[in-house]
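Report on one structure; see the data block that follows.
FYI, side chains are in, hydrogens and waters are out, and symmetry mates aren't considered; it's all heavy atoms of this structure. Note that this is a predicted model, so its numbers are computed, not measured.
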Amino acid sequence: MVVPSFENPTFTHSTLLTQRLSRRAGLGYPAAVTTRLLLISDTHIPGRARTLPDAVRREADAADLIVHAGDWVAASVLSDLREHGDVLGVYGNNDGEDLRAVLPEIARREIEGVRVAVVHETGQKHRREERMDAAFPDADLLVFGHSHIPWDTTSPSGMRLLNPGSPTDRRRQPHHTLMVVELADGGIRSVDLRRI
């Protein structure tokens, strides 16, 4: 593990920016950089809602990155979210060729030292953590959807598995939901499941 220092040139751009800000503020060490993610999935627009809920748009505006784990159904949802920020997304089983042409089945990105993978389906819940360890051995965080059921567990290898549920189609769940996740210092700082 590389320990950040002022002599070490391997900082990310955001860490370098924060380091400069810390020096201006008179601090002798780099300030922690926190990246806020909005996790959503299974919007099923227009089948389950005509448009994204206002709560989703507010959280998108507050996020550094919007992560959508598939089943958008309408490509207009992708366009809508892109107006609110950077989007990392995948297509789901209910998404047509228009979305499959611009989105991958699996997305990956390293964010603040956390290796994030996004996929729509993970299969049945029985032994999910073990199966996902095998399928995503290089991920620290796996975001998925499909079930519309919020999920937060940790695999045997230490990978965090998160399903934000759905902000528009709660199925048998008591509430529509989304998740807000904060990443910092190479780890997951917080996970907040929010009712809409």
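Between M179 and the choices L39, N163, V143, I40, the side chain to side chain contact (heavy atoms under 4.5 Å, CB included) rule is met once, by L39. Checking T168, D42, D169, T43 one by one against R48, the side-chain hydrogen bond (donor to acceptor under 3.5 Å, both in side chains) holds for a single residue, D169.
When the side chains of ILVMFWY residues are joined at heavy-atom separations under 4.5 Å, either directly or via intervening members, F144 and L193 end up in two distinct hydrophobic clusters. One hydrophobic cluster holds both V87 and L99 under the rule that ILVMFWY side chains link at heavy-atom gaps under 4.5 Å. Side-chain heavy atoms closer than 4.5 Å link hydrophobic residues (I, L, V, M, F, W, Y) into clusters, and following such links, even through other members, never connects V67 to V77. In the hydrophobic clustering of this structure, W151 does not group with V181; members are Ile, Leu, Val, Met, Phe, Trp, Tyr whose side-chain heavy atoms approach within less than 4.5 Å, directly or through other members. I188 and I111 fall within a single hydrophobic cluster, where Ile, Leu, Val, Met, Phe, Trp and Tyr side chains are chained together by heavy-atom contacts under 4.5 Å.
By the 4.5 Å heavy-atom criterion applied to side chains, H84 and I66 are counted as neighbours. Using a 4.5 Å heavy-atom cutoff, the side chains of L142 and V119 are in contact. Using a 4.5 Å heavy-atom cutoff, the side chains of P164 and T177 are not in contact. Taking 4.5 Å as the limit, some side-chain heavy atom of V102 sits within range of a side-chain heavy atom of L78. Between V90 and L103, every side-chain heavy-atom pair lies at or beyond the 4.5 Å cut-off. When side chains are defined from C-beta on, V116 does not count as touching E110, because their heavy atoms never get closer than 4.5 Å. Using a 4.5 Å heavy-atom cutoff, the side chains of P156 and E130 are in contact. At a threshold of 4.5 Å between non-hydrogen side-chain atoms, the residues I45 and W72 do not count as touching.
By the side chain to side chain donor-acceptor pair (under 3.5 Å) test, R194 is found to be paired with E59, D192, residues two or more places apart in sequence or in another chain being considered.
For S155 (side chain) and M159 (main-chain N/O), a donor-acceptor pair under 3.5 Å exists by modelled atom type. Checked by atom type and distance alone, the side chain of H120 pairs as donor or acceptor with a backbone atom of A69 at under 3.5 Å.
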Worked verdict on R128 versus T122 for side chain to side chain donor-acceptor pair (under 3.5 Å): CA-CA 7 Å; R128 174 178 285 144; T122 59; 2.8 Å; yes
Quick one: do H148 and S41 satisfy side chain to side chain contact (heavy atoms under 4.5 Å, CB included)? Show the steps, please. CA-CA 8 Å; H148 300 217; S41 187; over 6 Å; no
Worked check of side chain to side chain donor-acceptor pair (under 3.5 Å) between D71 and H146: CA-CA 7 Å; D71 275 3; H146 189 59; 4.6 Å; no
Applying side chain to side chain contact (heavy atoms under 4.5 Å, CB included) to I196 and V56, what does each step give before you reach the verdict? CA-CA 8 Å; I196 297 179; V56 171; 3.9 Å; yes
Are R108 and D138 close enough, and set up right, to give a salt bridge (Lys or Arg N to Asp or Glu O under 4.0 Å), and what steps lead you there? CA-CA 10 Å; R108 297 173 190 271; D138 58 343; 3.2 Å; yes
Evaluate E105 against Y91 for side chain to side chain contact (heavy atoms under 4.5 Å, CB included), listing each step before the verdict. CA-CA 6 Å; E105 181 179 11; Y91 66 78; 3.4 Å; yes
Any chance you could lay out the salt bridge (Lys or Arg N to Asp or Glu O under 4.0 Å) test for R57 and D80, step after step, and finish with the verdict? CA-CA 9 Å; R57 288 192 177 97; D80 187 353; 2.6 Å; yes
Chi angles and distances behind the side chain to side chain contact (heavy atoms under 4.5 Å, CB included) call for H68, L38: CA-CA 8 Å; H68 194 301; L38 166 61; over 6 Å; no
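The nearest pair of heavy atoms linking V114 to G187 is CG2-N, 3.5 Å. Listed here is the closest heavy atom pair of D133 and S157: OD1-OG, 2.5 Å. The heavy-atom pair separating L88 from A107 by the smallest distance is CD1-CB, 3.6 Å.
Ionic pairing of R36 and D64 is not present here: no N-O contact between side-chain nitrogen and carboxylate oxygen is shorter than 4.0 angstrom.
Hydrophobic cluster of V73: no remaining members, since no ILVMFWY side chain lies below 4.5 Å from it.
Between the side chains of R189 and T34, at least one donor N or O sits under 3.5 Å from an acceptor N or O. Residues E129 and T153 have side chains that bring a donor and an acceptor to within less than 3.5 angstrom of each other.
Within the model, atoms CG of L161 and NZ of K125 stand 14.5 Å from one another, a figure rounded to the nearest 0.5 Å.
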